[in-house]
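Report on one structure; see the data block that follows.
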Amino acid sequence: MPEMPEVHTTIQSLLQAGLAGRRIIGAEVEWPRTVGGDPQGFAGAVRGRRIDGLQRRGKYILLSLAEPAGWLVVHLRMSGRLLLTSDDSGPYIRARLQLDDRRWLCLYAPRRFARMEYRDTLVELLQRLGPEPLEPGFTPDVLAGILAGTRRALKTVLLDQQRIAGIGNIYADEALFEAGLHPQRPAASLQPPEIARLHAAIQSVLHRGIRNLGTSLGHGKANFSLPDGESGRNQEDIRVFRRTGLPCLNCGTPIERMIIGQRSTHYCPACQQYL
DNA sequence: CCGGAGGCCTGATGGC
DNA sequence: TGCCATCAGGCCTCCG
């Protein structure tokens, strides 16, 4: 579910709620796979440690631990949320951390895909992630280098976390629409002006998503919300995603849907021609 | 190198 | 109302 803007928003919300500086005094695991399969080992590793800070890398939430140093690595996958609450009960809680201020940090995940694992080091994780699209280092030239290496479909490349970190299905479709590029274009076929457009579009849709506190699409339990229960409002700024059959907001042509790389893909056949 | 299928999971939705 | 198929914001592994 959550992509980079939703993960970013989650972290900001947790920081604002004062998670940094809290000490973990215990851990409870309802679904062993959530923590990597060894609940006792996980609880033993995190108990007593202080949460120093929170960072994002790609779609990962990284909680840096101190005394001694280490990391809690959270990935929300499709339906996960982190809840910071004084109430540790409720359905779909797969793991919870008891904090020293009577609150709990709960990993809520109806589909049980989300993960919260302990790591001594992030080296292995960071090796598998491409550049951050909103960092200054992500220039049009860097994007050109990423695209040059492959004939795979643009949509597939945007979703490949090893090439660019943080983009998911919503923002991939939105970026390609904004850039006016067909999702099936071979990545290496883009001309410099098209690369420049895609670069700007990626940053634009991600910035907008962050400004809007994320996209709360979906239904009920699958709907993204912040740790305090608030919803994002980026769904109001979505141009193509899940608008199959509805008129394109640029030209009125019905939006079409196709499957690329096993993922549902939405685009305007008039504004995003293959050429 | 690449694409496709299947797996992991549960819930919502739409057609009949 | 009930049943069934389909779909879902992610990512991994296996196979050809």
Side-chain angles (χ1 to χ4, degrees), chain A residues 1-10 30-37 56-61 73-82 90-95 107-117 124-125 127-130 146-176 183-189 205-206 208-210 212-226 231-245 257-266:
Chain A
M1 149 219 198
E3 307 178 31
M4 184 247 265
E6 291 72 36
V7 173
H8 173 93
T9 300
T10 297
E30 306 289 345
W31 185 252
R33 291 186 68 145
T34 301
V35 298
R56 181 191 60 75
R57 184 72 173 86
K59 300 174 193 171
Y60 290 89
I61 297 167
V73 176
V74 178
H75 198 302
L76 301 174
R77 299 283 187 104
M78 292 288 272
S79 62
R81 299 180 207 169
L82 275 178
Y92 310 116
I93 306 289
R94 308 307 180 189
L107 183 57
Y108 165 100
R111 290 176 69 183
R112 304 182 198 250
F113 290 162
R115 295 291 180 261
M116 173 186 274
E117 300 184 32
E124 198 178 316
L125 173 79
Q127 263 176 354
R128 303 191 345 257
L129 291 177
I146 287 167
L147 300 174
T150 178
R151 301 278 305 165
R152 296 163 86 192
L154 275 180
K155 169 73 182 263
T156 305
V157 173
L158 292 185
L159 293 180
D160 183 345
Q161 303 300 300
Q162 196 145 11
R163 292 186 180 263
I164 313 176
I167 300 174
N169 214 26
I170 296 176
Y171 296 95
D173 282 6
E174 293 299 310
L176 289 170
Q184 274 183 321
R185 280 278 297 281
S189 76
V205 300
L206 292 175
R208 194 189 313 143
I210 287 171
N212 284 334
L213 305 179
T215 307
S216 294
L217 263 191
H219 323 279
K221 299 168 177 64
N223 196 358
F224 169 71
S225 70
L226 308 181
S231 286
R233 45 185 155 72
N234 196 240
Q235 59 279 8
E236 295 159 24
D237 273 334
I238 289 296
R239 315 277 171 85
V240 280
F241 189 77
R242 290 200 203 162
R243 293 195 67 247
T244 311
R257 173 178 178 270
M258 69 192 312
I259 303 295
I260 301 176
Q262 331 277 84
R263 308 301 300 279
S264 189
T265 301
H266 315 76

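For clarity, every value in this text was computed on a predicted model and none was experimentally measured.
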Nearest whole angstrom, please: distance from the [atom2] of [N] to the [atom1] of [X].
X	N	atom1	atom2	answer
A:R263	B:dA5	CZ	C1'	15 Å
A:R242	C:dT6	CZ	C1'	13 Å
A:R151	B:dG3	CZ	C1'	15 Å
A:I164	C:dC11	CD1	P	13 Å

Nucleotide nearest [X] (side chain, heavy atoms from C-beta), chosen from [options]:
X	options	value
A:F113	C:dG10, B:dG4, C:dC7	C:dG10
A:H75	C:dC11, B:dT10, B:dC2	C:dC11
A:R111	C:dA8, C:dG10, B:dG4	C:dA8
A:R33	B:dT10, B:dC8, C:dG10	B:dC8
A:R163	B:dA5, C:dG10, B:dC2	B:dC2

Checklist entry - When rounded to the nearest 0.5 angstrom, what is the spacing between CG in A:L129 and CD in A:Q162? => result 8.0 Å

Checklist entry - Roughly how far, to the nearest 0.5 Å, is NZ of A:K59 from OG1 of A:T10? => result 13.5 Å

[N] OP1/OP2 closer than 4.0 Å to side-chain N/O of [X]:
X	N	value
A:S264	C:dA8	yes
A:Y92	B:dC9	no
A:R112	B:dC8	no
A:R152	B:dC1	no

Next on the checklist: Say we look at B:dG6 and C:dC7: how far apart would their P atoms be, to the nearest angstrom?
Outcome noted: 14 Å

Next on the checklist: I'd like the P distance from B:dG11 over to C:dC11, given in whole Å.
Outcome noted: 22 Å

Report the residues that fulfil salt bridge (charged side-chain N to carboxylate O under 4.0 Å, His left out) with [X], sequence neighbours left out, ordered by chain and then residue number.
X	answer
A:R239	none
A:R208	A:E178
A:R115	none

Considering every strand and a 4.0 Å limit on heavy-atom distances, what is the contact class for [X]: base, sugar-phosphate, or nothing?
X	answer
A:Q161	sugar-phosphate
A:F241	sugar-phosphate
A:T150	sugar-phosphate

Next on the checklist: Once side chain to side chain donor-acceptor pair (under 3.5 Å) is applied, do any residues pair with A:D160, and if so which ones, sequence neighbours excluded?
Outcome noted: A:R152

Checklist outcome for this item: Encoded 5' to 3' (Watson-Crick or G-U under 3.5 Å; [ ] crossing; | other strand), DNA chain C becomes .|||||||.|||||||

Checklist entry - Residues two or more places apart in sequence or in another chain: which of them pass side-chain contact (heavy atoms from CB on, under 4.5 Å) with A:A172? => result A:K155, A:L158, A:L159, A:I167

Checklist entry - Quick one: side-chain contact (heavy atoms from CB on, under 4.5 Å) partners of A:R257, sequence neighbours excluded? => result A:T244, A:I259, A:S264, A:H266

Checklist entry - Taking the side chain as C-beta and beyond, is there a heavy-atom pair between A:I238 and A:I170 under 4.5 Å? => result yes

Give each protein N/O atom lying under 3.5 Å from an N/O atom of nucleotides 12-16 of chain C, with the pair distance.
unit_1	atom_1	unit_2	atom_2	d
C:dC12	OP1	A:R128	NH2	2.9

Checklist entry - Residues in ring pair (Phe, Tyr, Trp, His ring centres under 6.0 Å) with A:H75, at least two apart? => result A:Y60

